[in-house]
Amino acid sequence: MKKRVKKHLPNAITCANLFSGCIGIVFAFQDNLLVASYAIFLAAIFDFFDGFASRVLNSYSFIGKDLDSLADMVSFGFLPSAILYELFLKAPQLGEISQYLCYVAFLITVFSALRLAKFNNDTRQSDSFIGLPTPANAIFIASLPLIIEQYEVLGHYILNPYVLTGLIAVMCVLLVSELPLMSLKFKNRDFNKNIFRYLLLLFSAILILFFKFVAVPVVIFIYITLSLIQTKITNDKVPG
């Protein structure tokens with residue numbers, strides 16, 4: 001019984017991630033973007049704990065790895081695109097530009113698929129990331145409807161087809177870029193070796209406490225900045 005639980009628990013949590021993504025897609029196309037956004041956050045929690053469970057139980061499998069990517073494709077690839085698509089439809093200027101512009105939202109799905117395929121076959125990404133992880137990208141997109149709900153004045157800027165298109169272009173590039181980014185996996189409790197992770201968690205907690213969802217884009221920027229600083233320091237220590 002214990003062996004069966006050990007074997008299947010991580011995959012069960014991954015399936016919860018996938019289920020959250022599916023439910024979020026339904027709400028997104030029903031124009032309930034707040035629930036769709038919360039579904040991404042819920043899926044991200046499950047995504048964290050399935051990896052955590054795998055490490056604690058030492059339960060790795062090729063099926064689990066593939067299942068994780070498939071779940072991420074739905075929750076962090078297609079669902080964010082569905083949210084962006086609906087945001088385009090809410091943009092007052094869309095009709096003046098092109099009614100077909102809203103379909104660029106699904107480039108996030110395409111580039112998320114490329115990102116996941118690259119991750120699964122890139123041996124350099126065992127302890128860190130090359131390019132923006134799909135959960136981080138999805139959380140950024142999920143924050144947009146919540147920011148609009150929280151700050152109406154910011155909604156006028158976000159619900160602009162040019163702004164949305166620009167954000168999509170930037171995020172697509174980040175997903176498949178050669179940008180070295182740190183993982184939040186703590187392999188030990190050594191403060192010096194994990195200082196940038198602790199700093200990221202500290203800044204994130206403070207910003208989200210005071211600014212709520214509007215802090216999410218800032219947290220993503222801090223994440224990228226701290227990762228670049230960490231990489232530079234590490235490279236400077238390497239002789240030659």
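If you read the sequence from its start, that first residue is 1, and numbering goes on from there.
Atom CD of Gln150 has more than 12 heavy atoms from other residues, nucleotides or ligands within 6.0 Å. The number of heavy-atom neighbours closer than 6.0 Å to CD1 of Ile63, taken from other residues, nucleotides and ligands shown, is 12 or below. With a 6.0 Å radius and a threshold of 12 heavy atoms from other residues, nucleotides or ligands, Phe29 has its CZ atom above the threshold. Environment of CZ in Phe49: sparse, with no more than 12 heavy atoms of neighbouring residues, nucleotides or ligands closer than 6.0 Å. Atom CZ of Phe196 is surrounded by more than 12 heavy atoms from other residues, nucleotides or ligands within 6.0 Å.
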Checking Leu70 against Thr14 for the side-chain contact (heavy atoms from CB on, under 4.5 Å) test, could you report, in this order, the C-alpha distance in whole Å, the side-chain angles of both residues, the deciding distance, and whether it holds?
CA-CA 9 Å; Leu70 292 169; Thr14 302; over 6 Å; no
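Leu67 and Cys15 get closest at one heavy-atom pair: CD2-SG, 4.0 Å. The heavy-atom pair separating Ala105 from Ser81 by the smallest distance is O-OG, 2.8 Å. The minimum heavy-atom distance between Ile139 and Ala44, with the atom names listed, is CD1-CB, 4.0 Å. For the pair Asp47 and Pro135, the tightest heavy-atom approach, listed with the atom from each and the gap, is OD2-CG, 3.6 Å.
Leu33 contributes atom CG, which lies 11.0 Å from atom CD of Gln30 (distance to the nearest 0.5 angstrom). Summarising the geometry, atom CG belonging to Leu34 is positioned 9.0 Å from atom CZ belonging to Phe213; distances are rounded to the nearest 0.5 Å. Note: Thr165 OG1 to Phe88 CZ = 3.5 Å, rounded to the nearest 0.5 Å. Between atom OG of residue Ser227 and atom CZ of residue Arg197 there is a gap of 9.0 Å, rounded to the nearest 0.5 Å. Atoms CG and OG, on Asn17 and Ser75 in that order, are 4.0 Å from each other to the nearest 0.5 Å. The CZ atom of Phe106 sits 5.0 Å away from the CZ atom of Phe78 when rounded to the nearest 0.5 Å.
One N or O on the side chain of Thr109 and one on the backbone of Gly77 form a donor-acceptor pair closer than 3.5 Å. Not one N or O on the side chain of Lys90 forms a donor-acceptor pair closer than 3.5 Å with the backbone of Leu159. Ser204 places no side-chain N or O within donor-acceptor distance of the main-chain N or O of Val219, the cut-off being under 3.5 Å. Listed for the Tyr38 side chain is no donor-acceptor partner under 3.5 Å among the backbone atoms of Ala142.
No continuous path of hydrophobic side-chain contacts links Val214 to Phe221 [ILVMFWY only; heavy atoms under 4.5 Å]. Transitive grouping of hydrophobic side chains (ILVMFWY, heavy atoms separated by less than 4.5 Å) keeps Tyr85 and Met73 in distinct clusters. Val26 and Phe76 are assigned to two separate hydrophobic clusters, defined by single-linkage of ILVMFWY side chains at heavy-atom distances under 4.5 Å. Under a hydrophobic-cluster definition in which Ile, Leu, Val, Met, Phe, Trp and Tyr are linked whenever side-chain heavy atoms come within less than 4.5 Å, directly or via other members, Val173 and Ile141 are assigned to different clusters. Taking hydrophobic clusters as Ile, Leu, Val, Met, Phe, Trp and Tyr residues chained together by side-chain heavy-atom distances below 4.5 Å, Val35 does not share a cluster with Phe41.
For the side-chain contact (heavy atoms from CB on, under 4.5 Å) with Pro80, the lone residue among Ile108, Leu144, Ile168 that qualifies is Ile108.
You'll find the side chain of Val74 stays beyond 4.5 Å of the side chain of Leu79, heavy atoms only. Taking the side chain as every heavy atom from C-beta outward, Ile83 and Pro145 approach each other to under 4.5 Å. Put simply, the side chain of Ile148 reaches to within 4.5 Å of the side chain of Leu87, judged on heavy atoms. Between Ser143 and Ile220, every side-chain heavy-atom pair lies at or beyond the 4.5 Å cut-off. Ile222 has its side chain within reach of Leu200: a pair of non-hydrogen atoms, C-beta onward, lies under 4.5 Å apart. Taking 4.5 Å as the limit, every side-chain heavy atom of Leu132 sits out of range of all side-chain heavy atoms of Arg115. Lys118 is listed as a side-chain neighbour of Ile130, based on a closest heavy-atom distance under 4.5 Å. Using a 4.5 Å heavy-atom threshold, the side chains of Ile224 and Leu174 count as touching.
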